[in-house]
Amino acid sequence: MKSALLFILFMAGTNSAFCQLPEDSIRSIIKEAVASKRSKSIIIGIIDSGGRKFFSEGIISDQNPNQPDSNTLFEIGSITKIFTALALADMSLKHQLNLNDPISKFLPKTVKTPSRNGKEISLLSLASHTSTFPRFPYNIDPKDQDDAFNDYTKEKLYEYISHFQPDIDIDAKWRYSNTAYGLLGGILTSVSRQKNYELMIIEKICKPLSMSSTVISLTPSLKENTAIGHTEYGQPVPFLNLGALEGAGAFRSNVNDLLTFAAANLGFIKSDLMPAMELSHQKQIKKESSGIDYATMGWTLWDSEGRTILFKDGGTPGYRTFLGIDKQKKFGVVVLSNSNNGVTDIGTHILDPRSKIAPYKYNWKLLDTLRDITLNHGTDSAIKAYEQIKSNQDAQFSFDENQLNVLGNELRRDNRINEAIKIFELNERAHPKQPVVFESLGEIYKRHGNRQKARAYFEKARALDPGNPHWNFILSRL
């Protein structure tokens, strides 16, 4: 630990020639990202053998106009998965488990674990996204509609697993899965005999690497120094809770800690975790039939033209993040943003300038306009304005179903239920083939006692999206 701390102190005070992209270009990129409303704020950290450098733009929130610094915490979302995968790799090298162990070995006998053609899901299947589990489990019906996973318990996850039937062969195809990583995090916690998943990762990874600000639970001092998350359209959102799926994306961290993690993966910091890190970097399966993306245990791997680039991005309702390393050129990049608009293209462009930045356009002007009219003149006026704006076919407005759906949910959160229903019904008339329209109407009626109307709307959602088992689950509860 002492050598790691000395290294960090040394790195903070040195100059170096960083990655191929000029510093002015990085400053210009994040300045444009904030000006175009891609994010409230972005901070970038870069590390190589000579030191660290930071670039920051924007504000932590409308109430806190300060720029984030290298100690400001952000939700890091799925970057958490590379911690989970590293813990698995480390435990396998210590012979606490085997990567090819079936998950049935670690679950209660009451859990019926899935299999297909005689093959079971293994721990490596979970870590490499080849388990066949979908992105999220379908048996979700939270008490708080705006905190979907806070009450998603281990028992509910086990219930889901017991009823799951793989639709493709296990280990045959890459399919991204938060479900798999939530389950993996729980299994590793049990094997390690730690009290909870957070403590397991802190003991195995954060403490050895002196990453003291990488946590799930926020102390008052850490919370005070955490950037407020924002939606794609700039509204603040509460912190994310993931319940039994913590292993998929629950951690929070800052640029300094994540650069330390990058440094350890690059070998700049001597660590007993290095063999496990190398194991987690190994290529497992191609992510798509075309392209250069491969899955490792937790990371995405670009392996071409003599360069090995590894990265992982993350997203929660209020944040987008990126961590990447170039193992040949020996540098790492961290990008943290407190808005739910992607920054992966920024991170990969810094790692490899041949990877282009996607043009960003703010597409929420219709929502902003209707929100202002609702606030100042009422919902009926907003509905009339919507119909007039749409008839004018003004190209500056986007008329997708999300504009009205967001406005309806904002009214619902303000307990303006009848007004929210009016907006959702307007969305139904405007977008009669979009399942989310009927889901929103079904939820609002379900939660306010009209089960008959709720059932009718969820049946319409199921008719439009018959392959989604969530509708059957909700209908069974109605």
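Everything numeric here is computed off the predicted structure, so don't read it as measured data.
Centroid-to-centroid, the aromatic rings of Y294 and W302 stay 6.0 Å apart or farther. Aromatic pair F399/H431: centroids not less than 6.0 angstrom apart. For Y362 and Y233, the distance between ring centers is not under 6.0 angstrom.
No donor-acceptor contact under 3.5 angstrom links the side chains of N363 and S398, judged on distance only. With 3.5 Å as the limit, one finds a donor-acceptor pair spanning the side chains of Y197 and T84. Looking only at atom types and distance, the side chain of S440 has a donor-acceptor partner in the side chain of N405 under 3.5 Å away. Residues S128 and T130 bring a donor and an acceptor atom of their side chains to less than 3.5 Å of each other. Counting only N and O atoms by type, the side chains of N178 and K81 include a donor and acceptor under 3.5 Å apart. When only modelled atom types and interatomic distance are considered, R320 and N340 share a side-chain donor-acceptor pair under 3.5 Å. Side-chain contact, N256 with S70: a donor N or O sits under 3.5 Å from an acceptor N or O. Between T189 and Q194, the side chains place no donor N or O within less than 3.5 Å of an acceptor N or O (distance only, hydrogens not considered). Looking at K287 and T300, their side chains do bring a donor and an acceptor atom within 3.5 Å of each other. Side-chain contact, S122 with S125: a donor N or O sits under 3.5 Å from an acceptor N or O. In the model, N71 has no side-chain atom that pairs as donor or acceptor with a side-chain atom of D69 under 3.5 Å.
For the pair I201 and C206, the minimum side-chain heavy-atom distance is below 4.5 Å. Side-chain contact between P142 and Y152 is absent, with no heavy-atom pair separated by less than 4.5 Å. Side-chain contact between N139 and E159: present, with at least one pair of heavy atoms (C-beta onward) separated by less than 4.5 Å. The shortest distance between side-chain heavy atoms of T316 and F239 does not fall below 4.5 Å. Between F133 and I161 there is a side-chain heavy-atom pair separated by less than 4.5 Å. Two residues are said to be in side-chain contact when any heavy atoms from C-beta on lie closer than 4.5 Å; T72 and I43 fail this criterion. T214 places a side-chain heavy atom less than 4.5 Å from the side chain of F251. Side-chain contact check for S131 versus D171: every heavy-atom pair is 4.5 Å or farther apart.
Heavy-atom neighbours of Q396 CD from other residues, nucleotides or ligands within 6.0 Å: above the threshold of 12. The environment of NZ in K283 is crowded: more than 12 heavy-atom neighbours from other residues, nucleotides or ligands sit within 6.0 Å. The 12-atom threshold is not exceeded at NZ of K154, counting heavy atoms of other residues, nucleotides or ligands nearer than 6.0 Å.
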Give the intermediate values and the outcome of side-chain hydrogen bond (donor to acceptor under 3.5 Å, both in side chains) for residues R354 and T348. CA-CA 9 Å; R354 295 171 298 179; T348 55; over 6 Å; no
From CA spacing to verdict: side-chain contact (heavy atoms from CB on, under 4.5 Å), K329, I309: CA-CA 9 Å; K329 297 197 173 183; I309 289 176; over 6 Å; no
Begin from the C-alpha positions of D144 and R447 and carry the test salt bridge (Lys or Arg N to Asp or Glu O under 4.0 Å) through to its verdict. CA-CA 10 Å; D144 183 350; R447 293 171 185 275; over 6 Å; no
Would you check, one step at a time, whether the test side-chain contact (heavy atoms from CB on, under 4.5 Å) holds for R135 with R175? CA-CA 8 Å; R135 183 173 288 264; R175 177 184 285 168; over 6 Å; no
Using the side-chain contact (heavy atoms from CB on, under 4.5 Å) rule, take V255 and F54 through it: C-alpha gap first, then chi angles, then the decisive distance, then the call. CA-CA 9 Å; V255 169; F54 306 99; 3.4 Å; yes
Please assess K286 against D293 for the test salt bridge (Lys or Arg N to Asp or Glu O under 4.0 Å), listing each intermediate value before the final yes or no. CA-CA 6 Å; K286 199 165 190 177; D293 291 6; over 6 Å; no
Working for side-chain contact (heavy atoms from CB on, under 4.5 Å), residues L188 and M91: CA-CA 8 Å; L188 298 180; M91 293 167 79; 3.8 Å; yes
Can you list the steps and then say if S339 with E232 is a side-chain hydrogen bond (donor to acceptor under 3.5 Å, both in side chains)? CA-CA 6 Å; S339 293; E232 304 96 308; over 6 Å; no
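With respect to the salt-bridge test (charged N to carboxylate O, under 4.0 angstrom), the residues R27 and D24 qualify. Comment: K356 does not engage D345 in a salt bridge, judged by the lack of any side-chain N to carboxylate O separation of less than 4.0 angstrom. A salt bridge is defined here as a Lys NZ or Arg NE, NH1 or NH2 lying under 4.0 Å from an Asp or Glu carboxylate O, and K53 with E23 meets this definition. Classification of K327 and E278 as a salt-bridged pair holds, one side-chain N sitting under 4.0 Å from a carboxylate O. The pair D272-K204 does not count as a salt bridge, with every side-chain nitrogen at least 4.0 angstrom from each carboxylate oxygen. Electrostatic pairing of D90 and K94 counts as a salt bridge here, judged by a charged N lying under 4.0 Å from a carboxylate O.
In this structure, D257 and S253 approach most closely via the heavy-atom pair CB-OG, 3.4 Å. Residue Y181 comes nearest to L126 through the heavy atom pair CE1-O, 3.4 Å, listed as atom of the first residue, atom of the second, then distance. For S355 against H349, the heavy-atom pair with the smallest separation is O-ND1, 2.8 Å.
Shown here are the ring-ring contact (aromatic ring centres under 6.0 Å, His included) partners of H281, two or more places apart in sequence or in another chain: W299. Under the side-chain hydrogen bond (donor to acceptor under 3.5 Å, both in side chains) criterion, S41 pairs with N338, not counting sequence neighbours. For F106, there are no ring-ring contact (aromatic ring centres under 6.0 Å, His included) partners at least two apart in sequence or on another chain.
Taking CG from L183 and OH from Y158, the interatomic distance works out to 7.0 Å, rounded to the nearest 0.5 Å.
Between Y176 and H129, the ring-plane angle classifies as parallel under the 30° and 60° cut-offs.
Figure legend: cation-pi geometry between R252 and Y319 absent, as NZ or CZ is not positioned both under 6.0 Å from the six-membered ring centre and within 45° of its axis.
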